[in-house]
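Computed over heavy atoms, backbone and side chain alike; hydrogens, waters and symmetry mates excluded.
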Amino acid sequence: MGQPKAREPKARGPYAKTAARRAEIVRAARDSFAQNGFAKASLRDIAERAGITHAGLLHHFASKEELLAQVLAARDAEDWQQGLEQVDGPDRLAPYLAELIRHHQKAPELMRLWIELAAAASRPDHPAHTYFVERYERGRTQFAEGLQGTAARSTLLREGISPDSAAALFHAVLNGLQMQWVLDPDLDIVGPVTDFVRLLFDEDLGDE
């Protein structure tokens, strides 16, 4: 019999409390941004939602821009984790994206904010420029690597489409459709994104 495995250390004391408090502030900021938009949301409103003082909030986050970066990072992390849990092959990609889009449509202001910031962050001096550059680079890399993995299991992209090209197209289609929906909320974007996924692969992925 081997020796029992040592338990992984758990966060305790001030560090655990700080991490929990920061998470509460980020959730409060996300709610405030979703309801008011970035321009109208205030640090005092976010602090009140998080149940702390304005000074207490500034102890954890120095600016609204810093908070916004954390909100976007948390949103990405949640979406990526759900994708890992739900998508184990191309046949699961379209249903997952349909669910993800419907979830984002429940917070249209946050979707609008995302689109506005992505465009504004194209300026190198914008506070979120680095975040968006790294976000898209990471997303393309992860998606391309996932496609290469499915190809190894004999699930092939259509002839002439490389994993890198498919990854860039994927983000362009997904973001472009969401921008169109923000402009016209009556537009169906779940159907087109499902069709796009089917176009990527050289096999029948079945219905949603």
Side-chain angles (χ1 to χ4, degrees), residues 7-86 96-97 99-143 171-172 174-183 185:
R7 294 182 178 179
E8 294 184 359
K10 296 182 178 180
R12 296 179 179 178
Y15 178 81
K17 292 180 179 179
T18 297
R21 176 62 73 187
R22 285 175 63 88
E24 290 175 359
I25 296 171
V26 170
R27 285 193 294 270
R30 180 170 180 169
D31 291 343
S32 183
F33 293 153
Q35 180 177 340
N36 303 314
F38 179 72
K40 294 183 178 179
S42 69
L43 291 179
R44 293 189 183 279
D45 175 62
I46 294 170
E48 184 176 349
R49 290 170 185 261
I52 61 175
T53 64
H54 181 228
L57 184 149
L58 293 176
H59 174 74
H60 296 282
F61 297 97
S63 68
K64 194 166 62 169
E65 287 76 15
E66 182 183 350
L67 253 179
L68 176 60
Q70 289 299 313
V71 168
L72 297 178
R75 183 176 185 258
D76 272 349
E78 290 173 6
D79 290 349
W80 179 247
Q81 184 58 40
Q82 289 176 4
L84 290 176
E85 295 172 355
Q86 298 181 30
Y96 164 70
L97 290 177
E99 180 182 341
L100 180 65
I101 287 173
R102 294 187 183 107
H103 175 68
H104 286 177
Q105 287 174 326
K106 294 178 181 178
E109 185 58 39
L110 197 59
M111 188 187 295
R112 185 176 296 108
L113 172 62
W114 176 273
I115 293 168
E116 292 173 352
L117 280 176
S122 63
R123 299 195 305 271
D125 61 343
H126 191 278
H129 177 78
T130 299
Y131 168 80
F132 275 99
V133 170
E134 294 177 350
R135 186 257 184 192
Y136 278 110
E137 181 179 358
R138 182 174 61 253
R140 288 192 300 269
T141 299
Q142 292 171 335
F143 192 80
H171 284 89
L174 187 61
N175 294 337
L177 285 172
Q178 290 185 90
M179 181 178 68
Q180 291 184 61
W181 182 83
V182 167
L183 293 169

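Pairs engaging residues 58-68 under the side-chain hydrogen bond (donor to acceptor under 3.5 Å, both in side chains) rule: none recorded [sequence neighbours left out].
In plain terms, the two heavy atoms of Lys40 and Asn36 that are nearest each other are CB-O, 3.4 Å. The two residues Tyr96 and Asp79 make their nearest non-hydrogen contact at OH-O, 2.5 Å. Closest approach of Leu117 and His126 over heavy atoms only: CD2-CE1, 4.0 Å. Of all non-hydrogen atoms in Ala73 and Tyr131, the two that sit nearest each other are N-OH, 3.5 Å. The nearest pair of heavy atoms linking Leu67 to Leu43 is CD1-CD2, 3.9 Å. What you find for Leu68 and Leu113 is that their closest heavy atoms are CD1-CD2, 4.0 Å.
Evaluation of the side-chain hydrogen bond (donor to acceptor under 3.5 Å, both in side chains) rule for Glu78 yields Arg30 as partners, not counting sequence neighbours. Checked against salt bridge (charged side-chain N to carboxylate O under 4.0 Å, His left out), Glu116 has no partners two or more places apart in sequence or in another chain. In terms of the salt bridge (charged side-chain N to carboxylate O under 4.0 Å, His left out) criterion, residue partners of Arg135 (sequence neighbours excluded) are, by chain and number, Asp76. Taking the side-chain hydrogen bond (donor to acceptor under 3.5 Å, both in side chains) definition, one finds that Glu24 meets it with Arg21, sequence neighbours left out.
To the nearest 0.5 Å, atom OG1 of residue Thr18 and atom CZ of residue Arg22 are 8.5 Å apart. The structure places CD of Gln70 at 13.0 Å from CZ of Arg27, a figure rounded to the nearest 0.5 Å. The NE2 atom of His129 sits 11.0 Å away from atom CZ of Arg123, with the distance rounded to the nearest 0.5 Å. The CD atom of Gln180 sits 11.5 Å away from the CG atom of Asn175 when rounded to the nearest 0.5 Å.
Relative ring orientation between Tyr136 and His171 is described as perpendicular, the plane-to-plane angle rising above 60° on a 0-90° scale split at 30° and 60°.
At a threshold of 4.5 Å between non-hydrogen side-chain atoms, the residues Trp181 and Pro108 count as touching.
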Derivation of the ring pair (Phe, Tyr, Trp, His ring centres under 6.0 Å) call for Trp114 and Phe33: CA-CA 10 Å; Trp114 176 273; Phe33 293 153; over 10 Å; no
Residue pair Glu99, Arg102: steps toward the salt bridge (charged side-chain N to carboxylate O under 4.0 Å, His left out) verdict: CA-CA 5 Å; Glu99 180 182 341; Arg102 294 187 183 107; over 6 Å; no
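Within 6.0 Å of atom CE in Met111, more than 12 heavy atoms from other residues, nucleotides or ligands are found, so the atom counts as buried in its surroundings.
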List the atom pairs, with distances to 0.1 Å, where a side-chain N or O of residues 47-56 and a protein N or O form a donor-acceptor pair under 3.5 Å, not counting sequence neighbours.
residue	atom	partner	partner atom	Å
Arg49	NE	Asp45	OD1	3.4
Arg49	NE	Asp45	OD2	2.8
Arg49	NH2	Gln35	OE1	2.9
Thr53	OG1	Gly56	N	2.9

